[in-house]
> 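The structure under discussion is supplied below as structure tokens; questions concerning it will follow.
Numbers for residues simply follow the sequence, beginning at 1.
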Amino acid sequence: MITKPATSILYSLLKDGEKRPLEDIINDFSSKIPKSMHSEIFSALVILLDDTPKFLKSTERLVAFALIHHTYSPLKSSTNPYLSLLKNTANDEKTETFERAFILHLLSSPTTSPVMKLSPADFITKFDPSSHRFPEPPPPPPENPLPKPFNSLFKNTAIKNAIPDPDIPRGCDINSPEFEFPPPKIGSGDRSEAITGLLQTLSLDVLYPHWTRPTPPRLPVLDGELVWVNPDSTHEPLWDTGMCADTSRGAAVRELILKALKGPLAPSQQEQVLLELTSDPKLVYHCGLTPRKLPELVENNPLIAVEVLIKLMNSPEISEYFTVLVNMDMSLHSMEVVNRLTTAVELPTEFVHMYITNCISSCENIKDKYMQNRLVRLVCVFLQSLIRNKIINVQDLFIEVQAFCIEFSRIREAAGLFRLLKTLE
């Protein structure tokens with residue numbers, strides 16, 4: 001709130017617009033009013049300049065605009081909080097013509113303008129509206145990057161802490177002699193007392209509605225939460241029994257799996273890997289075998305590949321291993337692995353069907369007759385094993401397998417598979 005002595009000084013400077021030059025008024029304001037009070041003073045002046053009816057005379061309004069502009073002109077346009085007020089007033093066609101021209105003079109040349117040598121009264125007297133042309137409105141100022149004040153959720157319902165008298169016609173100047181009703185009175189009733197009283201009480205604060213709401217109910221306390229209300233020291237620490245465990249066995253399996261990817265292992269080495277995986281099935285997750293390396297293990301050591309895949313059946317990555325297995329080149333070892341898996345675990349039906357389809361496609365696409373006949377025999381023996389062990393329902397692939405048998409009917413194993421299909425049909 002503005003102190004009473006500062007209010008008196010400010011109002012006397014506003015009234016000096018009748019006789020003193022603007023530069024003298026600005027100098028007195030800078031020397032007599034401390035900077036710590038500028039924010040409150042200009043907040044009140046902004047309300048008086050925007051309010052209807054107009055509480056300030058024309059000369060007092062010019063002084064107010066000059067003080068606001070001079071105080072904040074050293075700032076950049078993006079940080080000047082009152083630049084938008086000056087530009088909006090200068091661009092408003094409802095504003096008095098001399099007032100718009102005065103603000104444009106301030107914005108164009110604030111320090112060297114001859115207007116600063118004149119008093120506001122002299123400026124109004126000498127102003128010629130016919131000789132003044134207003135430029136096109138400038139673009140809107142950039143958004144103020146300064147921290148914005150707190151915005152209440154009820155901002156749209158807020159009202160100013162000072163409102164005009166409803167009996168005063170809108171747009172009427174209370175200083176006009178034609179106004180037949182007395183203006184609002186504060187203090188003893190004279191105009192000076194009214195303006196100084198408004199300067200002390202006005203601010204940018206607004207009045208928000210008070211909303212009464214009941215205290216929210218407390219949530220019910222669950223039984224499991226009570227133990228944390230008063231924690232005691234009866235809880236025992238939980239130890240990770242796997243910490244600092246001997247990992248030498250896992251290291252040995254990893255080393256043997258690495259050798260198995262490069263070539264066939266010796267029987268004793270194969271037996272050691274199978275024994276280690278049987279005694280500790282979790283070692284399969286730490287042996288270093290990834291889906292990308294599976295084809296190498298299948299071709300070099302199919303028995304170890306079967307054991308590893310059986311141990312990985314409950315792994316979330318088993319579908320990736322199946323995808324690699326079904327898409328690898330068909331060979332005796334890959335069919336051996338799939339055949340052993342079908343008898344040991346329950347494989348997904350889609351995987352088995354897709355593997356059979358890929359085997360048939362591989363036989364049809366191979367160019368070498370000798371290798372083609374050899375692969376056809378292997379596939380026919382593989383399919384007969386699956387059918388006799390009831391691993392697959394031959395009706396699901398009947399047409400595809402029958403066409404395969406007819407295409408390679410010259411081969412004895414294909415003819416035998418065809419006779420088996422006819423007996424099942």
> Among residues at least two apart in sequence or on other chains, which ones pass ring-ring contact (aromatic ring centres under 6.0 Å, His included) with Tyr355?
Phe382
> For Met328, look at atom CE and say whether over 12 heavy atoms of other residues, nucleotides or ligands are found less than 6.0 Å away.
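Count over threshold, so yes.
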> Taking atom CZ as the centre, does Arg410 end up with more than 12 heavy-atom neighbours from other residues, nucleotides or ligands that are less than 6.0 angstrom away?
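For Arg410, atom CZ is crowded (more than 12 foreign heavy atoms under 6.0 Å).
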> Could you check if a side-chain atom of Leu289 sits within less than 4.5 angstrom of a side-chain atom of Leu261, using non-hydrogen atoms only?
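Yes, their side chains come closer than 4.5 Å.
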> With sequence neighbours excluded, what pairs up with Phe29 under the ring-ring contact (aromatic ring centres under 6.0 Å, His included) test?
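Partners of Phe29 under the ring-ring contact (aromatic ring centres under 6.0 Å, His included) test: His38, Phe42.
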> Can you establish whether the number of heavy atoms outside Glu255 located under 6.0 Å from its atom CD is more than 12?
no
> If you look only at pairs with a residue in residues 340-351, which of them pass as a side chain to side chain donor-acceptor pair (under 3.5 Å), with sequence neighbours excluded?
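For residues 340-351: Glu336-Arg340.
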> Can we call the ring centroids of Phe102 and Phe65 under 6.0 Å apart?
no
> What residue among Ile26, Leu85, Leu106 forms side chain to side chain contact (heavy atoms under 4.5 Å, CB included) with His69?
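Testing His69 for a side chain to side chain contact (heavy atoms under 4.5 Å, CB included) against Ile26, Leu85, Leu106 leaves exactly one candidate, Leu106.
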> Does any N or O in the side chain of Ser385 come within less than 3.5 Å of the main-chain N or O of Val381, such that one atom is a donor and the other an acceptor?
no
> Atom CD of residue position Glu364 - does it have more than 12 heavy atoms of other residues, nucleotides or ligands inside 6.0 Å?
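Check passes, neighbour count above 12.
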> Ignoring hydrogens and angles, tell me if any N or O in the side chain of Gln270 forms a donor-acceptor pair with the backbone of Leu265 under 3.5 Å.
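Pair found, side chain donor or acceptor close to backbone of Leu265.
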> Hey, is CG on Asp329 packed in by over 12 heavy atoms from elsewhere, all under 6.0 Å?
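Incorrect, the count does not exceed 12.
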